[in-house]
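Note that the coordinates shown come from a computational prediction; the quantities given were computed from them, not determined experimentally.
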Amino acid sequence: MNFRLKLWTVMVLCLAGCSSQGLYRWVPFAGHGKKDQVPAKARAERNSPFGPITGPVNYGLEMRVLVSPNPIKLSDTHSLEARIQLINRAKKSQNLIFDTGREYDFVLRDANGKKLVQWSDDQPANPNPGYVIINPNERSEFVGNISTRDMVAGRSYVLEAMIIGYDKMRTTVNLQPIK
């Protein structure tokens with residue numbers, strides 16, 4: 001038994017000594033893992049069709065919120081269209097997994113923070129889980145129509161756009177409708 005223990009120790013030391021990277025290269029549960037690595041920062045490519053980064057970047061995805069019509073004329077329109085664009089700025093495809101049928105949501109708030117309209121309140125519920133895959137240098141869009149019936153011309157409003165299940169993927173847009 002003593003001979004087997006010595007033989008085992010010598011084998012492990014030989015394997016560790018053969019590698020310039022240490023023992024953790026040969027033994028998968030020892031040493032450094034992928035959790036210790038820091039992902040590279042996302043940056044816009046020079047020839048990217050989406051231009052420079054203008055929105056917040058989380059999980060390698062840039063999040064932009066576009067509102068139309070711009071400017072918002074309350075006398076001409078009864079609803080506004082809001083779009084979330086997720087642009088993959090990383091070099092690998094990004095997978096978004098949703099436990100419920102809800103992928104995104106919009107909340108319109110007044111200047112005091114009071115909720116006026118939530119887009120998902122008027123949408124049918126879909127209990128099926130789903131996912132979205134966004135390849136490098138591609139985008140995915142999510143569209144919602146928000147009613148302007150509670151808005152008053154000249155006041156400030158905040159439109160909050162979010163991806164459900166991803167707390168960091170949330171941004172706001174300031175709106176000020178005119179007559």
Side-chain angles (χ1 to χ4, degrees), residues 18-72 77 79-109 115 117-148 157-176:
C18 291
S19 171
S20 63
Q21 296 177 347
L23 177 66
Y24 61 87
R25 179 173 179 206
W26 299 100
V27 183
F29 51 83
H32 308 293
K34 289 188 175 183
K35 292 180 181 179
D36 295 338
Q37 296 174 353
V38 178
K41 290 186 178 182
R43 61 180 100 106
E45 300 289 329
R46 285 187 176 179
N47 56 359
S48 174
F50 306 113
I53 296 174
T54 58
V57 178
N58 293 300
Y59 310 108
L61 298 170
E62 176 188 359
M63 184 174 176
R64 294 181 183 173
V65 178
L66 308 171
V67 178
S68 65
N70 193 9
I72 303 167
T77 184
S79 66
L80 56 96
E81 181 181 81
R83 290 180 180 269
I84 298 175
Q85 286 185 347
L86 294 179
I87 302 169
N88 188 350
R89 298 291 188 169
K91 294 186 180 190
K92 293 183 179 180
S93 62
Q94 301 295 326
N95 300 332
L96 299 176
I97 300 170
F98 303 103
D99 295 334
T100 64
R102 299 271 183 234
E103 297 174 350
Y104 61 100
D105 201 1
F106 297 101
V107 178
L108 181 66
R109 299 181 187 275
K115 181 173 82 168
V117 178
Q118 186 164 357
W119 176 80
S120 62
D121 290 344
D122 299 336
Q123 302 303 312
N126 181 7
N128 300 333
Y131 61 92
V132 174
I133 299 172
I134 307 171
N135 293 322
N137 291 322
E138 290 186 0
R139 73 173 182 218
S140 182
E141 288 192 6
F142 305 99
V143 181
N145 287 320
I146 293 112
S147 173
T148 60
Y157 297 92
V158 175
L159 179 66
E160 183 178 4
M162 64 197 86
I163 303 297
I164 305 297
Y166 295 88
D167 294 334
K168 293 181 181 179
M169 298 188 78
R170 178 182 300 253
T171 188
T172 59
V173 175
N174 295 322
L175 304 174
Q176 187 150 9

Just to verify, what does Ser79 make a side chain to side chain contact (heavy atoms under 4.5 Å, CB included) with, not counting sequence neighbours? none
Return the set of residues passing salt bridge (charged side-chain N to carboxylate O under 4.0 Å, His left out) with Arg83 (not counting sequence neighbours), or none when no residue passes. Glu81, Glu141
Rounded distance (nearest 0.5 Å) linking atom NZ of Lys115 with atom CG of Leu108: 11.0 Å
Chi angles and distances behind the side chain to side chain contact (heavy atoms under 4.5 Å, CB included) call for Asn174, Val158: CA-CA 5 Å; Asn174 295 322; Val158 175; 3.6 Å; yes
In terms of heavy-atom contacts, Glu103 and Val132 come closest through OE2-CG2, 4.1 Å
Rounded to the nearest 0.5 angstrom, the CD-CD1 distance for Glu138 and Ile87 is 11.5 Å
4.5 Å side-chain heavy-atom contact, Ser93 and Asn135: yes
Show, in sequence, the C-alpha distance, side-chain angles and deciding distance for Arg109 and Thr172, and conclude whether the side chain to side chain contact (heavy atoms under 4.5 Å, CB included) test is met. CA-CA 10 Å; Arg109 299 181 187 275; Thr172 59; over 6 Å; no
Closest non-hydrogen atoms of Phe106 and Leu159, given as atom of the first, atom of the second and distance, are CB-CD1, 4.1 Å
Residues two or more places apart in sequence or in another chain: which of them pass ring pair (Phe, Tyr, Trp, His ring centres under 6.0 Å) with Phe98? none
Decide side chain to side chain contact (heavy atoms under 4.5 Å, CB included) for Leu86 and Leu96; before the verdict, give the C-alpha distance in whole Å, the side-chain angles of both, and the deciding distance to 0.1 Å. CA-CA 11 Å; Leu86 294 179; Leu96 299 176; 3.7 Å; yes
Are the side chains of Asp105 and Gln123 in touch, meaning some heavy atoms are under 4.5 Å apart? no
Mind running side chain to side chain contact (heavy atoms under 4.5 Å, CB included) on Leu61 and Ile163 for me, showing each step along the way? CA-CA 12 Å; Leu61 298 170; Ile163 303 297; over 6 Å; no
How would you list, by chain and number, every residue that makes a side chain to side chain contact (heavy atoms under 4.5 Å, CB included) with Ser147, sequence neighbours excluded? Arg149
Minimum heavy-atom separation for Asn88 to Ile134, with atom names? ND2-O, 2.8 Å
So which heavy atom on Arg102 is nearest to which on Ile164, and how close? O-CB, 3.7 Å
Testing the basics here: between Val143 and Tyr104, what is the closest heavy-atom pair and its distance to 0.1 Å? O-OH, 2.7 Å
Taking atom CG as the centre, does Asp121 end up with more than 12 heavy-atom neighbours from other residues, nucleotides or ligands that are less than 6.0 angstrom away? yes
What residues, two or more places apart in sequence or in another chain, satisfy side chain to side chain contact (heavy atoms under 4.5 Å, CB included) together with Pro127? none
Met63 to Ala161 - nearest heavy-atom pair and separation: CE-O, 3.5 Å
Under the ring pair (Phe, Tyr, Trp, His ring centres under 6.0 Å) rule, collect the residues that match up with Tyr59, sequence neighbours excluded. Tyr166
